[in-house]
Structure formats: C-alpha cells, structure tokens
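Below you'll find the structure, written out as structure tokens, and then a few comments.
Chain letters run A, B, ... following the sequence lines, proteins first and then strands; every chain starts at 1.
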Amino acid sequence: MTAGATAQPAPGVATRPPSGLAHRIDRLLLPLYTLGVVSYLALPVLVMILFSFNDPTGRANLNFRHFSIDAWLDPFGRPGLEEAVFNSLWVAFGATVISTILGTLIALALVRYGFRGRGATNMLIFLPMSTPEVVLGASLLTMFVSTTNLPFIPQGVLFPLNIRTILIAHVMFCISYVVVTVKARLQNFPRHLEEAAMDLGANEWTTFWKVTFPLILPGVVAAALLAFSLSIDDYVITSLTSGQTDTFPIYIYGASLRGIPVQVNVIGTIIFASAVLLVVISTLWQRRQSFRDFSSTRQVE
Amino acid sequence: MIQRVPRGAIPYLLLLPGIGWLVLFYLYPALQLFLVSLWTGNITQGYQQTWNFGIYAEGFNEYWPWIVRSAAYGGLATLLAFLLGYPLAYTIAFKGGRYKNVLLFLVIAPFFTSFLLRTISWKIILADNGLVLGPLKQLGIIPQDFQFLATPVAVIAGITYNLLPFMTLPLYVALEKVDFRLLEAARDLYAGPWRPGGAIVGAIGGGILAFLAALVVEINPLLPVAVAAVVGALIGRYLISESFVRITFPLSLPGVFAGSLLTFIPAVGDFVNADLLGNVRTQMIGNVIEARFLKITDYPMASALSFILMAAIIIGVLIYARILGTEELTGGRA
C-alpha cells in the first residue's frame with residue numbers, strides 16, 4: 001500500500017532551500033541524535049551482559065572486578081533460581097497458548113462479523129490495557145482472597161495463591177494485546193480469497209483452515225511472541241498474585257535487596273539472546289511469506 | 001460441524017471464551033476491589049462489609065501527596081518520552097531509508113531484557129561511585145557528595161527510559177503514514193522555515209521544561225530556564241519548518257495520542273522505579289498500594305487507593321479521547 005512511498009528515498013523534509021548552516025544541522029543533527037538515543041537504550045543491556053562475566057567479591061554484583069565465566073558454567077548455581085526460571089517459562093508458555101487462542105477468536109469475531117454488543121466488546125478489550133498493572137494485580141488479589149469457596153470453581157484453583165493464580169492473571173492481561181495485534185493483521189484481509197474458496201465448494205471449516213488461518217498466521221505468531229514477552233517479564237501483577245511462588249522477575253526483585261547474583265545476569269542474557277533470535281527468525285520467515293504471497297499474486301496476474 | 005450453528009450465533013461463540021475470561025478475571029475483580037475497599041477490620045480478626053464510604057475521603061486526605069507526586073512524575077516522564085521519542089520516530093520514518101527496520105529493531109531490542117534487570121543496570125551505571133559519577137568525582141568535576149540515585153530525577157529518568165518505546169512506536173506508525181507528496185506540494189507552494197514561530201515555541205517549550213525540572217530537583221529555576229529558553233529558541237528556529245507545523249505534526253496527532261496514553265498509564269501506576277532508583281521521599285501511589293496489600297495487609301485502604309487510581313485514569317482517558325476525537329485505541333473505527 002505504502003510501498004511506493006517508502007521504496008523511493010525519502011525526499012526529506014528539508015523543505016527549506018539547502019542553505020548553509022541550517023541544512024548541515026538538519027543533515028547531521030538527526031542521525032547523531034538517533035545514534036545517541038539508540039546507545040542510551042542499549043547501554044543498560046550491554047552493562048547487564050558485561051556483568052554476567054564478572055567475578056564479584058561479595059554478594060553484590062556492583063563493581064566489575066575480573067573477567068570470569070564461572071557463572072556461565074553454572075547458570076543455576078543459586079538456590080531457588082532454577083525453580084523460579086522454570087516457573088516463569090511454564091507460566092509464559094501457558095499464558096501464551098491460552099491468550100493467543102482466546103484473543104484470536106475475539107479478533108476474528110470483531111473483524112469478520114457484525115453483531116450487537118461490538119462497542120461493549122471493544123471497550124472490554126480496551127479497559128485492561130488502560131488500567132495500571134498494580135490495579136490489575138490488586139483487584140485479582142482481592143478476588144482471590146475473598147473467594148475461597150465459590151460453588152462452580154473447584155477448591156484450590158483460585159486460592160491459595162500459587163502458580164495457577166499467576167497463570168490466570170497473565171492470560172487476562174495478555175488477551176487484549178493479542179486481540180489488538182491480530183486485529184491489525186485482519187484489517188486488510190483479502191476477503192475475496194475466502195469467497196473464492198467457498199465458490200469452489202469448500203465449506204466454512206475447510207475455508208478457515210485452508211485459507212483464513214494461513215493468512216492470519218503471521219499476525220497470530222506476532223501476537224504470541226508479544227504475549228510471551230509480556231508474561232515472562234511481568235513483575236507487578238505477578239507480585240500481587242503469586243503468594244509464595246517465585247518467578248524469575250520475583251526472584252530478581254527479591255535478590256536486588258541483598259545484591260544480584262551473577263547468575264541472574266547470565267540468565268537475563270540468555271533470555272535476551274533467545275528473544276532477539278526468535279524475532280529475527282520470525283521476521284525473516286514473515287518476509288519470505290509475504291514474498292511468496294507477492295509472487296503468487298504476480299503469477300495470477 | 002460449524003454449519004449446524006445458526007450464523008448469527010458464530011460471533012458470540014467466538015467471543016465467549018475470551019470475553020468470559022475478561023469478565024471473570026477483569027470486571028468481576030474490579031467489582032470485588034470496590035467491595036473490599038468498603039470492608040472494615042483487619043487480617044487477624046477478619047473483615048466485615050460495612051459500606052464504609054468514609055475510607056475514600058480518608059484515603060485522599062492521607063495520601064494526596066503520593067497521588068499528586070504520581071501524577072507529576074507520570075506527566076513529566078510522558079513529556080520527556082515525547083520530547084525524546086518524537087525526533088527519534090521522525091528520523092526513523094523520514095530519514096531511515098533502508099535502515100528503517102534495523103533502527104526500529106534497535107529501539108525495541110533492549111526491551112527483550114527484563115525491565116528489572118535494565119533498571120538495576122541503571123543503578124550500577126549511576127551509582128554514587130559508579131561508572132559515570134566515579135570518574136567525574138575523581139576529576140573533581142562534580143562534588144564528592146553528589147548523588148543521582150535516590151532523587152526524583154532518577155525515578156523520572158527511570159520511568160522515561162522504561163517507557164520510551166511505548167511512546168516511540170505509535171509515533172513512528174503515525175509518521176510513517178504521512179504522504180510525502182503533501183510535503184512536496186508544500187514546498188512547491190513556498191513553505192519555508194518557520195523562523196519566528198519556531199523560535200518562540202522552542203523558547204517557551206524549553207523554558208517550561210527547565211522550570212518543571214528545577215521544581216522537581218528543588219533548585220533555583222532562573223538560570224536553567226534562561227539557558228533552556230535560548231537553546232529551545234535556536235533549535236526551534238533552525239529545525240522547525242512550516243510544512244512540519246502545518247502538515248507533519250497535525251497528521252501525527254493520532255500517534256501522539258496513543259503514545260502518550262501508553263506511556264502515561266503505566267507511568268502513573270509504576271512503583272518499581274521509585275523503589276529501585278528512589279528513596280522514601282520519591283514514593284508513588286503504586287508503592288503505597290503495593291505495601292498496603294503485601295506488607296501491611298490493610299486490604300480496605302489498599303483497595304480504595306487502587307480504585308481511586310483506576311477510576312481517575314479511566315475517566316481521564318475517556319475525556320482525553322473525547323477531546324482529541326480519536327477512537328483508534330478503543331477500536332471504535334474497526
């Protein structure tokens with residue numbers, strides 16, 4: 001759609017005639033500025049990675065002493081750390097699967113069908129995103145502590161607070177983000193392809209799996225990645241709904257009072273590297289996908 | 001199997017599980033939050049539902065400094081993120097060329113790290129004798145007892161850092177859609193630099209920003225305001241063009257709207273930055289809520305404060321949406 005506009009080099013907004021100082025500022029200042037902000041954004045991550053190779057004297061990993069790969073050889077060498085990391089992964093995986101399915105269904109309903117109550121539905125999707133995390137966690141906590149025995153819910157699902165209540169909370173705050181992401185992808189959906197499939201005798205079920213789903217899959221994958229990264233990084237909501245269960249962010253926060261062990265930096269670095277790798281792979285895959293779409297439409301023409 | 005279902009029911013079937021989850025674990029807990037705020041009692045002796053509405057007046061009276069501080073820190077962080085993020089988004093959208101995606105990736109990538117670890121990294125970088133202040137102190141450039149951590153500036157800077165991409169990305173999305181042909185047309189119609197206007201806007205903007213910053217750091221605002229006004233005027237004079245004021249900026253307003261909301265809402269409710277980078281005097285309402293729930297287990301007051309925070313933000317957002325007239329965020333246009 002905007003390909004024509006973006007493909008050609010930007011004519012620039014230097015609408016004034018290229019005159020001396022102003023022009024030079026314009027040419028130099030913005031790139032320099034961008035470089036500065038990007039370094040500012042990256043600096044803490046680089047420090048985190050650097051300090052994962054530290055050999056600290058005491059408990060606190062605050063000053064760089066010697067280069068060492070001890071922590072890398074034994075990333076779980078702290079009591080409770082391994083459990084916290086696997087709790088985080090388990091919750092993030094579960095929350096991603098559940099919220100991606102539920103959110104995609106909502107997005108499909110919102111974009112593909114007209115129905116009464118659409119406004120209210122949009123509102124309900126929007127509200128959790130405009131509520132501060134501390135309030136989301138707080139309201140779940142008040143519900144969990146005051147519903148020890150509801151008739152329809154089996155004992156132990158909502159209370160005591162444990163990994164299950166964390167999962168419930170994470171699914172809740174991920175759903176809205178999934179809906180928004182998938183909806184964006186559905187907005188320019190080529191409806192004629194579905195109609196063609198129906199004309200050729202496919203029923204709705206087949207049409208969905210053979211035509212609709214492959215087309216929205218990149219959006220669903222993007223939404224799942226977003227949900228996973230939101231869940232694995234969440235501290236605020238988790239702290240209010242976790243009880244005694246540790247997740248990786250809870251562990252970090254607890255450790256930050258006594259001094260962060262080097263192993264935390266190692267695991268932080270591993271998570272960072274995997275996330276970067278995943279996003280690069282999914283981007284390349286989507287690019288290939290869109291290239292394939294493009295070339296197939298060309299052949300049709 | 002799907003054909004047997006009447007067509008009109010399909011959307012509701014699709015909605016049911018997800019909306020059910022949100023009703024059960026968002027709406028219902030919000031109601032429960034309100035009910036708990038009207039409890040009386042304590043955790044050892046048990047609570048009763050006493051409909052004690054007085055707790056809201058009590059909450060305002062006791063905690064208004066925290067509420068005001070949260071709004072001020074959140075507002076300043078949003079403003080700073082906007083000032084930092086706009087030129088960044090602008091550069092990527094207009095001058096990015098073939099590096100556009102790489103630049104976007106560089107903006108987002110740091111946020112694949114846990115925000116706690118990033119905030120703790122800042123703590124290491126800015127420690128009293130750390131990577132930055134240590135050398136400066138040894139060279140005698142700043143006094144020995146100079147502190148950056150445990151100040152309001154550190155908290156605001158931390159919030160700004162953590163939320164910058166939430167501001168930058170919506171701005172980028174809006175700026176990327178601006179049609180270059182409009183800007184070419186403006187040039188053909190003799191749009192030039194916006195000299196006097198740019199200088200005035202820059203001076204006023206810089207002045208206000210310096211004044212607010214001086215208030216927060218509690219120093220005499222005169223000198224910083226003067227310096228910032230001059231710098232702002234120079235930047236405004238050279239960088240702001242007529243076509244930017246009349247075309248680019250108005251077209252980017254939906255991004256400004258979305259970005260400022262996505263930044264302000266988490267900023268107001270934040271307590272992690274205040275906890276890790278601040279001290280007792282920089283605590284925000286989120287700190288109070290968290291402590292009241294988890295450490296003091298004063299559920300009614302904690303719930304009342306949470307409810308005030310939620311209601312204030314949702315009402316504020318709805319008014320803001322009405323004023324700016326964009327329904328993009330609530331999905332009204334879909």
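Each of B/Tyr47, B/Tyr26, B/Tyr299 has some count of heavy-atom pairs under 4.5 Å with chain A, and the biggest count is that of B/Tyr26. The residue among A/Val171, A/Leu108, A/Thr104 with the most heavy atom pairs within less than 4.5 Å of chain B is A/Val171. Highest contact tally toward chain A, considering only B/Arg118, B/Arg181, B/Arg98, B/Glu290, is held by B/Arg118 [criterion: heavy-atom pairs under 4.5 Å]. The candidate with the highest count of non-hydrogen atom pairs below 4.5 Å against chain B, out of A/Leu240, A/Leu186, A/Thr269, is A/Leu240. Among B/Leu106, B/Val36, B/Leu88, the residue with the largest count of heavy-atom pairs under 4.5 Å with chain A is B/Leu88. Of the listed residues A/Ser130, A/Ala273, A/Gly114, A/Ala107, the one with more heavy-atom pairs under 4.5 angstrom with chain B than any other is A/Ser130. The most heavy-atom pairs under 4.5 Å with chain B, out of A/Leu136, A/Leu127, A/Leu43, come from A/Leu127. Per-residue heavy-atom pair counts under 4.5 Å with chain A were compared for B/Val107, B/Leu35, B/Ile289, and the maximum is reached by B/Val107. Among the candidates B/Ala109, B/Ser306, B/Ser121, the residue making the largest number of heavy-atom pairs closer than 4.5 Å to chain A is B/Ser121. In terms of heavy-atom pairs under 4.5 angstrom with chain B, the leader among A/Gly103, A/Ala42, A/Ser239 is A/Ser239.
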Decide yes or no on side chain to side chain contact (heavy atoms under 4.5 Å, CB included) for B/Ser114 and A/Ile271, but give the supporting numbers first.
-> CA-CA 9 Å; B/Ser114 156; A/Ile271 293 177; over 6 Å; no
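Contact annotation for B/Ile19: both backbone and side-chain heavy atoms come within less than 4.5 Å of a heavy atom of chain A. Looking at A/Arg112, there are no atoms closer than 4.5 Å to chain B (heavy atoms on both sides), in backbone or side chain. Heavy atoms closer than 4.5 Å to chain A are found nowhere in B/Pro266, neither backbone nor side chain. Proximity to chain A is limited to the side chain of B/Leu27, based on heavy atoms less than 4.5 angstrom apart. For chain B, no part of A/Val178 is nearby; none of its heavy atoms comes within less than 4.5 Å. With a 4.5 Å cut-off on non-hydrogen atoms, B/Phe105 touches chain A through its side chain but not through its backbone. Heavy-atom distances place both the backbone and the side chain of B/Leu84 under 4.5 Å from chain A. Contacts between A/Ile106 and chain B at a heavy-atom distance below 4.5 Å involve backbone atoms as well as side-chain atoms. Contacts between A/Leu41 and chain B at a heavy-atom distance below 4.5 Å involve backbone atoms as well as side-chain atoms. Proximity to chain A is limited to the side chain of B/Leu103, based on heavy atoms less than 4.5 angstrom apart. Using a 4.5 Å cut-off between heavy atoms, A/Tyr235 touches chain B through backbone and side chain atoms alike.
Note that CG of B/Leu104 and OG1 of A/Thr283 are 11.0 Å apart. Values are rounded to the nearest 0.5 Å. Note that CD of A/Glu133 and CG of B/Asp270 are 8.5 Å apart. Values are rounded to the nearest 0.5 Å. Atom CG in A/Asn265 sits 10.5 Å away from atom OG1 in B/Thr113 (nearest 0.5 Å). One distance of note links CG of A/Leu102 with CG of B/Leu22; it measures 8.5 Å at 0.5 Å rounding. Atoms CD1 and CD, on B/Ile10 and A/Glu204 in that order, are 5.0 Å from each other to the nearest 0.5 Å. Distance check, rounded to the nearest 0.5 Å: CG of B/Leu13 to CG of A/Leu105 gives 10.0 Å.
Summarising the geometry of A/Pro249 relative to B/Leu116, their closest heavy-atom pair is O-CD1, 3.2 Å, with the distance given to 0.1 Å. Closest heavy-atom contact between B/Ser303 and A/Thr142: OG-CG2, 3.5 Å. Heavy atoms only, all atoms of each residue included: A/Met143 and B/Gln32 are closest at CA-CG, 3.6 Å. In plain terms, the two heavy atoms of A/Ala109 and B/Pro11 that are nearest each other are CB-O, 3.7 Å. Shown here for A/Pro44 and B/Ile125, the closest heavy-atom pair between the two residues is CA-CD1, 4.2 Å. Taking each heavy atom of B/Thr91 and A/Pro31 in turn, the nearest pair found is CG2-N, 4.4 Å.
Each of B/Ile314, B/Leu309, B/Val317, B/Ile265 was scored for a side chain to side chain contact (heavy atoms under 4.5 Å, CB included) with A/Thr131, with one residue passing: B/Ile314.
Looking at A/Ile98 and B/Trp21, their side chains come closer than 4.5 Å, going by heavy atoms from C-beta outward. Residues A/Val37 and B/Thr168 fail the side-chain proximity criterion, which asks for heavy atoms closer than 4.5 Å. Residues A/Phe173 and B/Phe25 are not in side-chain contact: their nearest non-hydrogen atoms beyond the backbone lie 4.5 Å or more apart. Taking 4.5 Å as the limit, some side-chain heavy atom of A/Tyr253 sits within range of a side-chain heavy atom of B/Val272. Proximity of A/Ile168 to B/Leu24: side-chain heavy atoms (C-beta onward) are nowhere separated by under 4.5 Å.
Using cut-offs of 30° and 60° on the angle between ring planes, the pair B/Tyr161 and A/Tyr40 is perpendicular.
By the neighbour-count criterion of 12 heavy atoms within 6.0 Å, atom CZ of A/Phe272 is densely surrounded, having more than that number from other residues, nucleotides or ligands.
Centroid-to-centroid, the aromatic rings of B/Tyr12 and A/Tyr113 stay 6.0 Å apart or farther.
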